[in-house]
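All values below were derived from every heavy atom in this structure, side-chain atoms included, with hydrogens, water molecules and symmetry-related copies excluded. Every chain is numbered from 1 and lettered A, B, ... according to where its sequence line falls, protein lines coming before strand lines. Note that this is a predicted model, so its numbers are computed, not measured.
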Amino acid sequence: MKTTRERLLEIYRLLLNSLGPQHWWPGETPFEIAVGAILTQNTSWSNVEKAIANLKAAGLLDASKLHALDPEELATLVRPAGYFRVKAKRLGNFLTWLCDRYDGDMQSFEGIPTGRLREELLAVSGIGPETADSILLYALNRPVFVVDTYTARVMARHGLIGEELDYPQLQDLFTSNLEPDVALFNEFHALLVMAGKNYCKPRPHCSGCPLESLGVIPGVRNSTR
DNA sequence: GACCAGGCACATC
DNA sequence: GATGTGCATGGT
């Protein structure tokens with residue numbers, strides 16, 4: 001009988017072998033990654049790219065400059081990302097926190113415990129668990145496992161989880177069975193997203209998925225948190 | 001034209 | 001505490 005840890009690592013290897021390294025997160029600076037994390041909420045990355053390109057072209061991919069920008073102009077720039085009024089507001093909330101508390105400099109996070117940083121991010125209206133964790137892992141290299149709808153769908157589709165788990169439960173499945181390894185967490189989440197995009201689509205039923213041969217992970221239904 | 005996309009806050013029961 | 005709804009562009 002394989003342990004949950006062994007099953008998870010088997011999934012990881014299967015995905016990595018078939019899909020290859022994903023080189024996440026697409027973004028040149030921690031700030032760009034954080035902006036992308038907010039803009040990609042329930043939105044395809046191709047749309048986010050257009051919005052970030054607008055910000056770059058305007059020379060505004062900078063916390064202080066964006067913070068000083070007229071909110072309506074910000075909304076116009078991020079329009080291609082969808083939900084643009086909501087996202088402009090959320091970006092503004094993030095910028096206010098970052099500029100007021102950390103002088104707009106994400107380098108200032110160094111030395112701050114991950115747990116405290118997570119709490120502060122979650123206190124920003126518009127930043128939920130996935131966005132906070134994406135920023136922590138991909139922008140700040142903190143060992144936090146990011147889960148999302150793809151993660152839940154891929155795992156459920158292949159019978160690896162027996163029911164719908166909420167965010168903390170799903171996250172706990174990974175973090176309590178894997179060592180806190182930034183590189184592993186980075187690649188694993190990216191691979192699960194790619195598997196979700198390319199194979200485990202909502203419909204039609206996934207086919208050709210690297211995980212089709214897998215069985216059920218026992219004992220994850222009562223994962224606590 | 002329907003469906004989907006790397007969520008989140010808020011209203012309502 | 002659970003469930004429902006608004007938010008919006010752009011690709012398939």
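The distance between atom CD1 of A:Ile135 and atom P of B:dG7, rounded to the nearest whole Å, is 14 Å. Protein atom CG of A:Asn42 is 13 Å distant from nucleotide atom P of B:dA9, rounded to whole Å. The distance from atom CG of A:Asn198 to atom P of B:dA5 is 12 Å, rounded to the nearest whole Å. Atom CZ of A:Arg153 and atom P of B:dG7 are 10 Å apart (whole Å). Separating the CG atom of A:Asp133 from the P atom of B:dC8 is a distance of 9 Å, rounded to the nearest angstrom. Distance NZ (A:Lys87) to C1' (C:dA8): 8 Å, rounded to an integer number of Å. The distance between atom CG of A:Leu121 and atom P of B:dA9, rounded to the nearest whole Å, is 12 Å. Between A:Lys201 atom NZ and B:dC4 atom C1' there is a gap of 11 Å when expressed in whole angstrom units.
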Report all interatomic pairs (protein N or O, nucleotide N or O of nucleotides 9-12 of chain C) with separations under 3.5 Å.
unit_1	atom_1	unit_2	atom_2	d
C:dT9	OP1	A:Arg79	NH2	3.1
C:dT9	O2	A:Asn47	ND2	2.8
C:dG10	O4'	A:Asn47	OD1	3.1
C:dG10	O4'	A:Asn47	ND2	3.0
C:dG11	OP1	A:Lys50	NZ	3.3

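Judged as a side chain to side chain donor-acceptor pair (under 3.5 Å), the pairs with a partner in residues 130-144 of chain A (not counting sequence neighbours) are, in order, A:Gln41-A:Thr131, A:Thr114-A:Arg142, A:Arg118-A:Asp133, A:Asp133-A:Tyr167, A:Asp133-A:Gln171.
A side-chain N or O of A:Lys87 and one of A:Thr43 form a donor-acceptor pair less than 3.5 Å apart. The closest side-chain donor-acceptor pair between A:Asp148 and A:Thr151 falls under 3.5 angstrom.
Each of A:Leu122 and A:Ile112 belongs to its own hydrophobic cluster when Ile, Leu, Val, Met, Phe, Trp and Tyr are linked at side-chain heavy-atom distances under 4.5 angstrom.
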For residues 100-109 of chain A, please give each side-chain donor-acceptor pair under 3.5 Å, one per line with the distance, not counting sequence neighbours.
unit_1	atom_1	unit_2	atom_2	d
A:Arg101	NE	A:Glu120	OE1	2.8
A:Arg101	NE	A:Glu120	OE2	3.4
A:Arg101	NH2	A:Glu120	OE2	3.3
A:Tyr102	OH	A:Glu120	OE1	2.9
A:Tyr102	OH	A:Glu120	OE2	3.2
A:Asp105	OD1	A:Gln107	N	2.9
A:Ser108	OG	A:Tyr102	O	3.4
A:Ser108	OG	A:Asp105	O	2.9

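With respect to A:Glu212 and A:Arg157, no salt bridge is recorded, no charged nitrogen being found less than 4.0 Å from a carboxylate O.
Nucleic acid contact for A:Thr151: none, since no nucleic acid atom lies under 4.0 Å from a heavy atom of the residue. At a threshold of 4.0 angstrom between heavy atoms, the contacts of A:Ile127 are confined to the sugar-phosphate backbone, with no base atom among them.
Separation of the P atoms belonging to B:dC10 and C:dA8 is 14 Å when rounded to the nearest angstrom.
Mapped onto DNA chain B by nearest heavy atom, A:Leu122 and A:Trp45 fall at different nucleotides, with A:Trp45 at the one closer to the 5' end.
For A:Pro202, the listed nucleotide lying nearest its side chain is B:dA5; candidates were B:dA5, B:dA9, B:dG7.
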Dump the intermediate steps for side chain to side chain contact (heavy atoms under 4.5 Å, CB included) on A:Tyr12 and A:Leu192, then the final yes or no.
-> CA-CA 9 Å; A:Tyr12 177 70; A:Leu192 284 166; over 6 Å; no
